[in-house]
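Working notes for the structure below.
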Amino acid sequence: MNIFMFLIYGFIAGIIATLIFDLFQISLSYAYNINKSKWNLIGRYFIGLIKNNKFFVDNIEEEEIIDNELLIGYLVHYAIGSIFGLFYVSINLIFYSEPSLILALIIGIITVLGGWCIIMPYTYNIGFFASKKEEQFQILAQNLIAHFIFGIGLYIGFLIQY
C-alpha cells in the first residue's frame with residue numbers, strides 16, 4: 001500500500017469513527033437526556049491556548065465566548081479522531097492482514113485517557129478522571145462507553161474501505 005492510500009484509509013477511518021461517536025452521543029442525549037460533549041468549550045479552550053498561551057483554565061464555561069468556538073471545537077475533535085484513525089490503520093497494517101476489531105476496541109478504550117487525563121483536568125477543571133464531580137462514576141462510564149463506540153467506528157471505517 002502506498003503512503004497516500006494509507007493516509008486516506010486512516011483519515012477516513014478516523015472521520016467515520018468520530019461521526020459514529022457523535023451520533024451515539026446525540027442519540028443518548030435525545031433518548032435519555034444525557035449530556036453530550038460540549039465541543040464549543042473545546043474550541044474555546046484551544047483558541048485560548050493558542051491566543052493567550054493559557055494551558056490551565058479555572059472555569060471554561062465562565063471564559064469569554066469566542067466567535068466560531070463551536071466550529072473550532074468540532075475541527076479539533078475530528079482532527080484528533082483522524083489522528084487516532086491513522087494510528088489504528090498503521091498498527092493494523094503492521095500486525096494484521098485485515099481490519100482487526102480487537103485492536104480497534106483497544107485503541108478506542110485507550111483514547112478515553114485523553115479525556116480523563118487532559119480534557120477533564122485542564123479544559124473543564126473537574127480533575128483527573130472527573131475527581132471533582134459528585135457524578136464521577138457516571139461521567140467515566142459514559143466516556144468509556146462512547147470511546148468503545150469510537151473503537152467500533154474505527155473498525156467500521158477501515159473495514160468499508162478495505
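- Every residue was checked against the side-chain hydrogen bond (donor to acceptor under 3.5 Å, both in side chains) condition with Q142, not counting sequence neighbours, and none meets it.
- With sequence neighbours excluded, no residue forms a side-chain hydrogen bond (donor to acceptor under 3.5 Å, both in side chains) with Y9.
- With sequence neighbours excluded, the residues satisfying salt bridge (charged side-chain N to carboxylate O under 4.0 Å, His left out) with E135 are K133.
- Atom CZ of F137 sits in a sparse spot, with 12 or fewer heavy atoms from other residues, nucleotides or ligands closer than 6.0 Å.
- Take I65 and apply the side-chain contact (heavy atoms from CB on, under 4.5 Å) test, not counting sequence neighbours, and it matches R44, E69.
- Residues passing the salt bridge (charged side-chain N to carboxylate O under 4.0 Å, His left out) test with K38 are E61, sequence neighbours excluded.
- Scored by the side-chain contact (heavy atoms from CB on, under 4.5 Å) test, N2 finds F4, M5 as partners (sequence neighbours excluded).
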Side-chain donor-acceptor contacts of residues 124-131 below 3.5 Å, not counting sequence neighbours, with atom names and distances?
residue : atom : partner : partner atom : Å
N125    : OD1  : K132    : NZ           : 3.0
N125    : ND2  : D58     : O            : 2.6
S131    : OG   : F128    : O            : 3.2

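- Its side chain outside the 4.5 Å cluster rule for every partner, I83 clusters with none of the Ile, Leu, Val, Met, Phe, Trp and Tyr residues.
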Donor-acceptor pairs under 3.5 Å, side chain of residues 93-115 to any protein atom, not counting sequence neighbours: which ones?
residue : atom : partner : partner atom : Å
S100    : OG   : L103    : N            : 3.1
T111    : OG1  : G108    : O            : 2.5
T111    : OG1  : H147    : ND1          : 2.7

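- Checked against side-chain hydrogen bond (donor to acceptor under 3.5 Å, both in side chains), W116 has the following partners two or more places apart in sequence or in another chain: N143.
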Considering only distance and modelled atom types, tabulate donor-acceptor pairs under 3.5 Å from the side chains of residues 14-28, sequence neighbours left out.
residue : atom : partner : partner atom : Å
T18     : OG1  : G14     : O            : 2.7
D22     : OD1  : H77     : NE2          : 2.8
D22     : OD2  : H77     : NE2          : 3.3
D22     : OD2  : Y78     : OH           : 2.7
Q25     : OE1  : S37     : N            : 3.3
Q25     : OE1  : S37     : OG           : 3.1
Q25     : NE2  : S37     : OG           : 3.1
S27     : OG   : L23     : O            : 3.4
S27     : OG   : F24     : O            : 2.7

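- Y162 has its ring centre less than 6.0 Å from the ring centre of F158.
- Checked against side-chain hydrogen bond (donor to acceptor under 3.5 Å, both in side chains), D67 has no partners two or more places apart in sequence or in another chain.
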